[in-house]
Amino acid sequence: MYTDKVIDQFQNPRNVGELADADGVGEVGSPACGDIMKMFLKIENDVIVDVKFKTFGCGAAVATSSIATEMIMGKTLEEAEKLTNSMVVDELGGLPQEKVHCSVLAEQAIKAAIKDYRSKEVK
Amino acid sequence: MQRRYFDYAATTPIDKRVLEVMIPQIENNFGNPSSVYSFGREARKSIDESRDTVARVLNAEPKEIFFTSGGTEADNWAIIGTAFANKNKGNHIITTSIEHHAVLHTCKYLEKHGFEVSYLPVDEYGMVDPEDVRNSIKESTILITVMYANNEIGTIQPIKKIGEIARENDVYFHTDAVQAFGSIEIDVKDLNVDMMSISGHKIYGPKGIGALYIRKGVKIDNLIHGGGQERKKRAGTENTPAIVGFAKACELVTENLKESAEKAIELRDYMIKNILENIDEVRLNGHPTERLPGNVNVSIRYIEGESILLSLDLIGIAASSGSACTSGALDPSHVLLAIGLSHEIAHGSLRFSIGKDTTREEVDFVLEKLPAIIQRLRDMSPLYNS
Ligand SMILES: Cc1ncc(COP(=O)(O)O)c(C=O)c1O
Ligand code: FES
């Protein structure tokens, strides 16, 4: 049911972990199944210079968070904010219908981390 | 890659000896059992003999055995059939919160049609208190349905005791023995049951076949309407090969019951002990001793079941989970919630079910690989602090 790309991202997830000196942290939970995703961003001059994630969830949740970190690494905040869950799903070569909601977590976690960064910046 | 199957509670591979008796039935015994000529009579004979076999292993009369399309139909029939046939006496049904969906969803359906259903709670081990059953019986109670053994956590219910209470109160008693049959010795007379569901594919027989035992004298409506098959109680041309295979499976599984249960219990307890000792923050779900011989169900904290299953599958191990992410409905298993687990703990549930072909080598392989899989996922989990 999962594409090879999903399996690869699940088996060899990129950028797993935490960033102790993160500039923005976003944590979101899925109301659908109770899963949790956490994103850590290191930001310099509005560019994402490092990103790490942690996920408590299914295979699709791990794979989407992993590939999403790859997709935003080195991008400006403006570009990263434009990342949608369907872009993540496409990049993975598709997800089973009942797993699409997991990809929403990745999108939301990134947005939450950027928001967190911005809210600190204002202060 | 060598694959290792640990999901016998989901379904079982067909026993070769079952297959052997089915093939000639498929090849040659194609007659319609209702036909008068020899083709039909030969098929009829096969079905009659099969019914005798199933009756014998359950200590029932042949005319108390009705073949169905499986456990689901047997459950539906027992519940809907007795509810409608006895609605002049009352509209109340007693069941438990941990039944298989074949029972639960049938009860929900009846609630939409004017029946009242009590869903009894279970304790932390998944055990129903017979006194709760007794106290729930009222004037309008027409049926009690309690599963013999739970498919997820393996807990075996005090069926005989509940049967006694049902008898004393003159209420019909049905048990879903789909999981228990083949693992536990069953004698319907001794058990005080009025109806009992069993299924072929859990006992190394074919899928899509099962039976409902209906004690002589039980008032029950038909569920499937049509021709006069199964003594006018269950319409539809009989699936002769499946019935013959099912009967053979019933016979074989009963013959070997003691031995295979002992072997399964040994592997089960070995597996449970090893997992609990070698992995932190793991709990056993279900009763420690009153459980199906082949059932191992644990909750592994901080991680999610589907990702464990996927990791296991990548090394050829087939298991199952009650996590929300595996359910399709995105709710954790109702059984795990009923025994009091939080959503988070239910999320990390993992079931290994052992069968007659499971070897010590296979169990050792799982035990060797599992800790690293769990550690890898925990290291990815925001809930886990190493
Ligand atoms: C306890 C229980 N009841 C009923 C069923 C349904 O049986 P079947 O698959 O034969 O319809 C199952 C199997 O999934 C079961 O485990
Ligand atoms: S995270 Fe629960 S289904 Fe994907």
Side-chain angles (χ1 to χ4, degrees), chain A residues 1-20 22 25-40 52-66 68-69 95-106 108-109 112-113, chain B residues 1 7 10 281-282 299-334 336-337 341-350 369-370 372-386:
Chain A
M1 73 181 215
Y2 286 137
T3 63
D4 289 346
K5 207 151 176 188
V6 174
I7 297 291
D8 173 58
Q9 290 284 348
F10 171 73
Q11 267 304 74
N12 311 293
R14 331 297 197 249
N15 308 310
V16 178
E18 303 189 3
L19 291 174
V25 179
E27 179 172 332
V28 291
S30 161
C33 59
D35 294 315
I36 298 167
M37 195 179 289
K38 211 165 172 180
M39 283 278 171
F40 303 83
K52 294 251 189 263
F53 80 92
K54 279 202 159 176
T55 292
F56 168 60
C58 72
V62 172
T64 50
S65 29
S66 166
T69 61
L95 276 178
Q97 188 51 43
E98 71 277 11
K99 293 289 178 185
V100 170
H101 76 271
C102 321
S103 64
V104 176
L105 278 183
Q108 288 176 340
Chain B
M1 180 171 60
D7 208 9
E281 301 204 67
V282 172
S299 275
I300 300 165
R301 200 139 188 211
Y302 310 122
I303 58 178
E304 185 284 316
E306 199 237 45
S307 61
I308 309 174
L309 296 187
L310 196 54
S311 306
L312 290 169
D313 180 47
L314 291 168
I315 54 168
I317 298 168
S320 142
S321 167
S323 108
C325 302
T326 50
S327 76
L330 297 174
D331 285 319
S333 130
H334 63 284
L336 299 176
L337 297 181
L341 299 195
S342 67
H343 278 239
E344 188 208 316
I345 304 291
H347 228 37
S349 83
L350 184 59
K369 299 292 179 187
L370 194 58
I373 285 173
I374 290 169
Q375 196 55 50
R376 187 182 90 88
L377 294 171
R378 279 183 169 170
D379 287 341
M380 265 192 251
S381 169
L383 303 176
Y384 180 71
N385 290 309
S386 44

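Predicted model only: the values in this text are computed from it and were never measured. Chain letters run A, B, ... following the sequence lines, proteins first, then strands; residues in each count from 1.
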Enquirer: Check each atom of B:Ser311 against the heavy atoms of chain A and say whether the ones under 4.5 Å are side chain, backbone, both or neither.
Expert: both
Enquirer: So which of B:Pro382, B:Ser323, B:Gly305 has the largest heavy-atom pair count under 4.5 angstrom toward chain A?
Expert: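 The option with the most such pairs is B:Pro382.
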Enquirer: Would a 4.5 Å heavy-atom cut-off, applied to side chains only, mark A:Phe56 and B:Glu344 as touching?
Expert: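 Yes - at least one pair of side-chain heavy atoms lies under 4.5 Å apart.
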Enquirer: For chain B, which of A:Ile7, A:Thr55, A:Val62 has the most heavy-atom pairs under 4.5 Å?
Expert: A:Thr55
Enquirer: Considering only heavy atoms, give the residues of residues 8-17 of chain A separated from chain B by less than 4.5 Å, sorted numerically, with 'none' for an empty result.
Expert: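 Hits under 4.5 Å: A:Phe10, A:Gln11, A:Pro13, A:Val16.
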Enquirer: With only heavy atoms counted, which part of B:Leu314 is less than 4.5 Å from chain A, the side chain, the backbone, both or neither?
Expert: side chain
Enquirer: Hey, are the side chains of B:Cys325 and A:Lys99 touching, using non-hydrogen atoms and a 4.5 Å cut-off?
Expert: yes
Enquirer: If I measure from the heavy atoms of chain B, does A:Met39 come under 4.5 Å with its side chain, its backbone, both, or neither?
Expert: neither
Enquirer: Between B:His343 and chain A, which part of the residue has a heavy atom less than 4.5 Å away: side chain, backbone, both or neither?
Expert: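 Contact with chain A is absent: no heavy atom of B:His343 under 4.5 Å.
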Enquirer: What heavy-atom pair brings B:Glu306 and A:Tyr2 nearest, and what distance separates the two atoms?
Expert: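 Scanning both residues, the minimum pair turns out to be OE2-OH, 2.5 Å.
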Enquirer: Indicate the atoms forming the closest heavy-atom contact of A:Cys58 with B:Glu304, along with that distance.
Expert: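 Distance-wise, the nearest heavy atoms are CA-OE1, 3.0 Å.
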Enquirer: Which bit of B:Arg378 comes within less than 4.5 Å of chain A, counting heavy atoms only: side chain, backbone, both or neither?
Expert: neither
